[in-house]
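Just so we're on the same page: letters track the sequence lines, and every chain starts at 1.
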Amino acid sequence: MMYNFSEIEAKWQKYWSANKTFHATNSSDKPKYYVLDMFPYPSGAGLHVGHPLGYIASDIYARYKRHKGFNVLHPQGYDSFGLPAEQYAIQTGQHPAVTTEANIKTYRRQLDQMGFSFDWSREVRTSSPEYYKWTQWIFIQLFNSWYNKSTDKATPISALIKMFSEDGNANIEAVRDDSEFAFTAQDWNSFSLQKQQQILLQYRLTYLAETEVNWCPELGTVLANDEIINGVSERGGFPVVRKKMTQWSMRISAYAERLLQGLNKIDWTDALKESQRNWIGKSVGASVVFDLENYDSTIEVFTTRPDTIYGVSFMTLAPEHELVSQITTEEQKAEVETYVLATAKRSERERMADVKTISGVFTGAYAKHPFTNELIPVWVGDYVLAGYGTGAVMAVPCGDQRDYDFAKHFNIKIPNIFEGVDIANESYTDKVNAIIGNSDFLNGLPYKEASEKAIEALEAQKHGLGKTNYRLRDAVFSRQRYWGEPFPVYYKDGMPQMITKDHLPITLPEVEKYLPTEKGAPPLGRADVWAWDTLQNAVVKNSLIDHKSIFPLELNTMPGWAGSSWYFNRYMDAHNSDEFASSEALNYWKEVDLYIGGSEHATGHLLYARFWQKFLFDLGIVPVDEFAKKLINQGMILGTSAFVGRIEGTNTFISADKVTSETVQWIHADVSFVNSSDELDVEAFRSWRDEFKAATFITHDNNLFKVKREVEKMSKSKYNVVSPDAICEQYGADSLRLYEMFLGPLEQYKPWNTAGITGVHGFLKKLWKLYIGKDGLTVIDADPSKDQLKTLHKTIKKVTEDIENFSFNTSVSTFMIAVNEFTAQKCTSRSILEPFLVLVAPYAPHIAEELWEQLGHENSISTVAFPMFNDSYLVESTKAYPISFNGKMRFTMELSLDLSKEAIEEAVMSNEKTQTQLAGRVPKKVIVVPGKIVNIVG
RNA sequence: GCGCACGUGGCGGAAUUGGUAGACGCGCUAGCUUGAGGGGCUAGUGGGAAUUAUUCCCGUGGAAGUUCGAGUCUUCUCGUGCGCACCA
């Protein structure tokens, strides 16, 4: 019998599905284990070979945990709202729901053919109304909550209203907008309903505010900070400009400190934690208030160096700072206005790209030093960012290089306040070694003490206080798009109102065009939307409509990260129509034990999800405040793109090895046109696109045409995508699974190449031959030999350790060694080959199931316990390395393991060679490690 | 600029806690096997030198250090990749 993988794989996939082998129950005697993959966005291109990498790893782990006796939850679903489906809809007019559904079908087929042990009965899709009903519901909870700093948690807004009406807001410690003011209980009760609503908006965890947002005109929508890379949109690479708009925001800043602290208790990679810490950007320092000369206002700045307060020689305001227009003197007015206008015109990108040019202008105004009362000139400079701190800095040129450069450029004095430091050429930014001088009461103190003392003094005269600043901004939550979750919001007298839970979900209406309008109004705002069924249903049923004036619904939709910020909780109870998930399910599964996904989500999904989880925890809805205990980032599998060279301005292509001095444009060619020797199938390329039909080709010898190769991210637009389908067809899913693991460490980025796949495929064939001969099963009930036991147990040990450490690549090697050894040992013993099969099962489940059945078992191999290894089979002798004191002579001894530790020591010491080497010297001790090495320490 | 990874044969990569570097696979070389659905088996394969029962020397980007012993630990340096970036 031959190893017929296609038959075997189809058979067992059908079996698993029919028998619901991987169905997880929400209660069990076994301990629970939750293994989760980051769910995919179902794109039109289907899965490529990079997608399954993480899924294979998590599947191996999930299967391993089942063998180890855990009740394993291993679900899968789709992050199915998103831009590509919408852009496709804009181009073709096809409804995103239709294309999404088709794409999901493809994904499911591809996932199934790889034999993953997902519990599909728990599938979720973020774009299905049954799911996004609860996304909307969470939004409402956020709207109905505020962040109480004194208890350090989110609290219902009703409690706040009660406090307002009883005591006003004087004693309330909350994270809120700064524009709010103090009022008494009496004030509050006299405010109009609308006024009260306006005030409450400044406290809510999701709030509507006019904010300066990142507007991407090309995409017609706003973007969050993490969706912008180097000043252009992450998707599409379009320019992004700043624009003031009224938008929903998420008050994630309220959770900055807890998001930071929470990192300490989760087992995520350091790199990923570091980038979250970076993104949160905590800096400890002081807020300092400078009075203005001849002007009844103050400038508040944030500084991390209050110790350098005596080194201040000017102040700088961001060009967008509100004080700029107010304090500028008549003489300076023209100049300042010109400058501010000029900076406003520059795009964010230009400003970022050009950090070297120093520019600024004097306002003519002066601030007063809080301690010396010295007059300090106030400047405007674009190196100060409006969005960070207060948008103003106290400039200490001797202690900050940017201030130093600015001062030098504009000839502002640079007082030196550091002891024994030369600042003739550059500033002195060393915090650790700095000793303050020339600073009155701070003289002689190092950074820390000087800072504390300065803050104390500032607080005493009410010119400042210690303060911690975070870089983390509130996240803009509105998108002017069609294919996203609608908000459960309507407006009454201009104030947002939540639609009640009974009327959820608010579903997407049909529209004729998915394009945002030219002015940036969302697609839901197109006229035909007013036939929106939901509007009728939700609002009419709710009797909120008087049939004359329609209360407008919110027309924006939620961003891509809304649905993915809580889906891991939904898997626990995926079909609950009454609740987000039942508390029984939530309390049983608690959190994800192992989460596998790409590191590109570090500052997006993984931060937002932690935020929502903490919020839901505060409300008592979920039992844990971190959703994923352990997280592993699988590395990306890269594609090897092929480029053909076209001589600029012509339709002549030139073989890559012929290119010398010509100016050549490199154009992506589909990798399927290129063979392994980098030669292009010219005819296939010609007929690829019309523009190439008439092209001429300057070829290499023998009419061969070479392409240039380059490794890049796999992407449809780079024509370097390799689908797993062809591999599955040619070698089978088990080969693909093993090969992707064999390729290298899970976390590593690696280019895809199929050169080595014959190796793992050969392994599977050998494995098969180990059990099945020409006439069927060759395994018999024979006593195993010592060698066979040794091979088995060292394999069990290694594979167990490898899986626990996620070193899946080395276990594949271990299997190969084992099969080679068993073959050499002519092993036919059932007591060896059965447990060995269980070891292989998580990696190559189809062949394992088939052989298990051939061995005469009726149960699925996935229900069998993982074998335990036994040390005593492992080593029969100990290698001894008595050291040599002259560095040249080294030798080994074979010692029986039966000997006790003491006996081994004795044997080593009495050994003739040891004696010779020690040459009469007496060693301090002999270190014996069983199975390994003997150390003699002299 | 700041932070975090990582540098091992022709290639992907092994190497336990500091203990025979290069496992395993690909590729390559030689041989055997008519074997015919991407073959199977055997031997060899880091570099160099002499010599063929083998022996010696050098070898983990580079330089130094700790140690009886370093791919592994420390310092410096070069290179590559990633993240953040005028963050006060």
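With sequence neighbours excluded, the residues satisfying side-chain contact (heavy atoms from CB on, under 4.5 Å) with A/K766 are A/V819, A/N820. Residues satisfying the side chain to side chain donor-acceptor pair (under 3.5 Å) test with A/Y388, not counting sequence neighbours, are A/S283. Partners of A/D802 under the side chain to side chain donor-acceptor pair (under 3.5 Å) rule, at least two apart in sequence or in another chain, are A/K798, A/T810. Every side-chain contact (heavy atoms from CB on, under 4.5 Å) that A/D267 has, sequence neighbours left out, goes to A/K630. A/K826 pairs by the side chain to side chain donor-acceptor pair (under 3.5 Å) definition with nothing, not counting sequence neighbours. With sequence neighbours left out, A/S451 forms a side-chain contact (heavy atoms from CB on, under 4.5 Å) with A/P306, A/D307, A/Y447. Annotation: side-chain contact (heavy atoms from CB on, under 4.5 Å) contacts of A/S813 (sequence neighbours excluded): A/F742.
The distance between atom OH of A/Y388 and atom P of B/C84, rounded to the nearest whole Å, is 17 Å. Atom CG of A/D307 is separated from atom P of B/A88 by 13 Å (rounded to the nearest Å). Atom-to-atom, NZ of A/K794 to C1' of B/A23 comes out at 11 Å; the value is rounded to the nearest Å. A/F808 has its CZ atom 17 Å from the C1' atom of B/G13, to the nearest Å. Per the geometry, CG belonging to A/L638 stands 16 Å off C1' belonging to B/C11, to the nearest Å. Note: NE2 (A/H761) to P (B/G38) measures 7 Å, nearest angstrom. In this structure, the CH2 atom of A/W768 is 18 Å from the C1' atom of B/G40, given to the nearest Å. Distance CD (A/E274) to C1' (B/G81): 17 Å, rounded to an integer number of Å.
The C1' atoms of B/A63 and B/G7 are separated by 16 Å, rounded to the nearest whole Å. Nucleotides B/U51 and B/C41 are separated by 38 Å at their P atoms, to the nearest Å. Between the C1' atoms of B/C87 and B/G83, the separation comes to 16 Å (whole Å). Comparing the C1' positions of B/C73 and B/U67 gives an interatomic distance of 10 Å, to the nearest angstrom. Annotation: B/U72 and B/G18 have their C1' atoms spaced 7 Å apart (nearest Å). Here the separation of B/U29 from B/G79, taken at their C1' atoms, is 34 Å to the nearest Å. Taking the P atom of each, B/G25 and B/G61 are spaced 25 Å apart, rounded to whole Å. Atom P of B/U74 sits at a distance of 15 Å from the matching atom of B/U66, rounded to the whole Å.
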Pairs of donor and acceptor atoms involving the side chains of residues 631-638 of chain A, under 3.5 Å and at least two apart or interchain, shall be tabulated with distances.
residue : atom : partner : partner atom : Å
A/N633  : OD1  : A/T269  : OG1          : 3.4
A/N633  : ND2  : A/G597  : O            : 3.2
A/Q634  : OE1  : A/G597  : N            : 3.4
A/Q634  : OE1  : A/G598  : N            : 3.3

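The side chain of A/S275 sits closest to B/G83 out of B/C87, B/G83, B/G39. Proximity note for A/D382 (side chain, C-beta onward) versus B/C86, B/C84, B/G38: the nearest is B/C86. Checking B/C4, B/A88, B/G40 against the side-chain heavy atoms of A/K769 singles out B/G40 as nearest. Checking B/A14, B/G39, B/C84 against every side-chain atom of A/P745, the shortest atom distance belongs to B/A14. The side chain of A/K765 lies closest to B/G39 when the candidates are B/G83, B/C4, B/G39.
Phosphate contact (OP1/OP2 of B/A85, side-chain N/O of A/R471, threshold under 4.0 Å): present. Of the side-chain N and O atoms in A/R402, one or more sit less than 4.0 angstrom from OP1 or OP2 of B/C87. Between A/N809 and the phosphate of B/A14, there is a side-chain N or O to OP1/OP2 separation shorter than 4.0 Å. Taking 4.0 angstrom as the limit, A/Q748 places none of its side-chain polar atoms (N or O) nearer than this to OP1 or OP2 of B/A5.
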N/O to N/O distances under 3.5 Å, protein versus nucleotides 24-29 of chain B:
residue : atom : partner : partner atom : Å
B/G25   : OP1  : A/N820  : ND2          : 3.4
B/C26   : O2'  : A/A755  : O            : 3.4

Report each atom pair, protein N/O against N/O of nucleotides 42-46 of chain B, whose distance is under 3.5 angstrom.
none

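In this structure, A/F314 has its ring center no closer than 6.0 Å to that of A/F410. You'll find the ring centres of A/Y739 and A/H761 outside the 6.0 Å limit.
Ring orientation note: the planes of A/Y310 and A/H369 are tilted relative to one another, at an angle of 30° to 60°.
Shown here, B/G79 is classed anti by the O4'-C1'-N9-C4 or O4'-C1'-N1-C2 angle, which is more than 90° from 0.
At a threshold of 4.0 angstrom between heavy atoms, the contacts of A/E801 with the nucleic acid are absent. Among the heavy atoms of the strands, none lies under 4.0 Å from A/P751.
Under 4.0 Å is where a charged nitrogen must lie from a carboxylate oxygen, and between A/E600 and A/K713 no such pair does.
A donor atom on one side chain and an acceptor atom on the other are not found under 3.5 Å apart for A/S253 and A/Y470.
Secondary-structure stems of RNA chain B, taken as three or more successive Watson-Crick or G-U wobble pairs (i with j, i+1 with j-1) under a 3.5 Å distance threshold, comprise B:1-7 with B:78-84, B:10-12 with B:24-26, B:27-33 with B:39-45, B:46-50 with B:54-58, B:61-65 with B:73-77.
Closest-nucleotide positions on RNA chain B for A/L743 and A/S807 were compared, and the one nearer the 5' end corresponds to A/L743.
Applying the side chain to side chain donor-acceptor pair (under 3.5 Å) definition to pairs two or more places apart or across chains, none involves residues 745-754 of chain A.
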